[in-house]
Amino acid sequence: MLPQVIFVSVDAKRDTPAQLATYVPYFDPDFIGLTAADQPSIERIAKKLGVGVIIQPTSDGNYTVDHSGAIFVLDPDGKLTAILTGPFTVDALQSDFQRIVAARV
């Protein structure tokens, strides 16, 4: 079974389901985009996973969103198996995933 990648947004205001449906396929058409209805819901989940999210207003009335770029690997039962941190390369990710899958067998 191939892994399923889920792109999780940390910006509920801008990353609507429609926006994610347009943006996420640029990475890969099989990726799934996930967001929440409101920012507090996203921040509760991020906090549980140890993901920092900083929303900073800008002088033009807009805002920036800073966040970690970790990859969280969950097994088919939804259990956290690994947290991968960058910098990422294809070879390193492939090696990491092979080790994770081999450990499950």
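- In the hydrophobic cluster analysis, where Ile, Leu, Val, Met, Phe, Trp and Tyr join through side-chain heavy atoms closer than 4.5 angstrom, Ile83 is grouped together with Ile45.
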For residues 71-81, tabulate all N or O donor-acceptor pairs below 3.5 Å that involve a side-chain atom, not counting sequence neighbours.
unit_1 : atom_1 : unit_2 : atom_2 : d
Asp75  : OD1    : Asp77  : N      : 2.9
Asp75  : OD1    : Gly78  : N      : 3.0
Asp75  : OD1    : Lys79  : N      : 2.9
Thr81  : OG1    : Asp75  : N      : 3.4
Thr81  : OG1    : Lys79  : O      : 3.3

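- Between the CZ atom of Arg44 and the NZ atom of Lys48 there is a distance of 8.0 Å, given to the nearest 0.5 Å.
- Arg14 places a side-chain heavy atom less than 4.5 Å from the side chain of Asn62.
- One hydrophobic cluster, built from ILVMFWY side chains closer than 4.5 Å, holds both Val24 and Val5.
- Residues satisfying the side chain to side chain contact (heavy atoms under 4.5 Å, CB included) criterion with Ala92, sequence neighbours excluded, are Thr89.
- The minimum heavy-atom distance between Gln39 and Val53, with the atom names listed, is NE2-CG1, 4.3 Å.
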Side-chain donor/acceptor pairs under 3.5 Å, residues 26-37, sequence neighbours excluded:
unit_1 : atom_1 : unit_2 : atom_2 : d
Asp28  : OD1    : Asp30  : N      : 2.8
Thr35  : OG1    : Asp15  : O      : 3.2

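- Both Val65 and Leu49 are members of a single hydrophobic cluster when ILVMFWY side chains are connected at heavy-atom separations under 4.5 Å.
- Linking Ile, Leu, Val, Met, Phe, Trp and Tyr residues whenever their side-chain heavy atoms come within less than 4.5 Å places Val51 and Tyr63 in a single cluster.
- Of all heavy-atom pairs between Ser9 and Asp11, the closest is OG-N, 3.0 Å.
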>> Quick one, Ile55 with Glu43, criterion side-chain contact (heavy atoms from CB on, under 4.5 Å). Give me CA distance, side-chain angles, the key distance, then yes/no.
In response: CA-CA 11 Å; Ile55 297 179; Glu43 290 178 8; 4.1 Å; yes

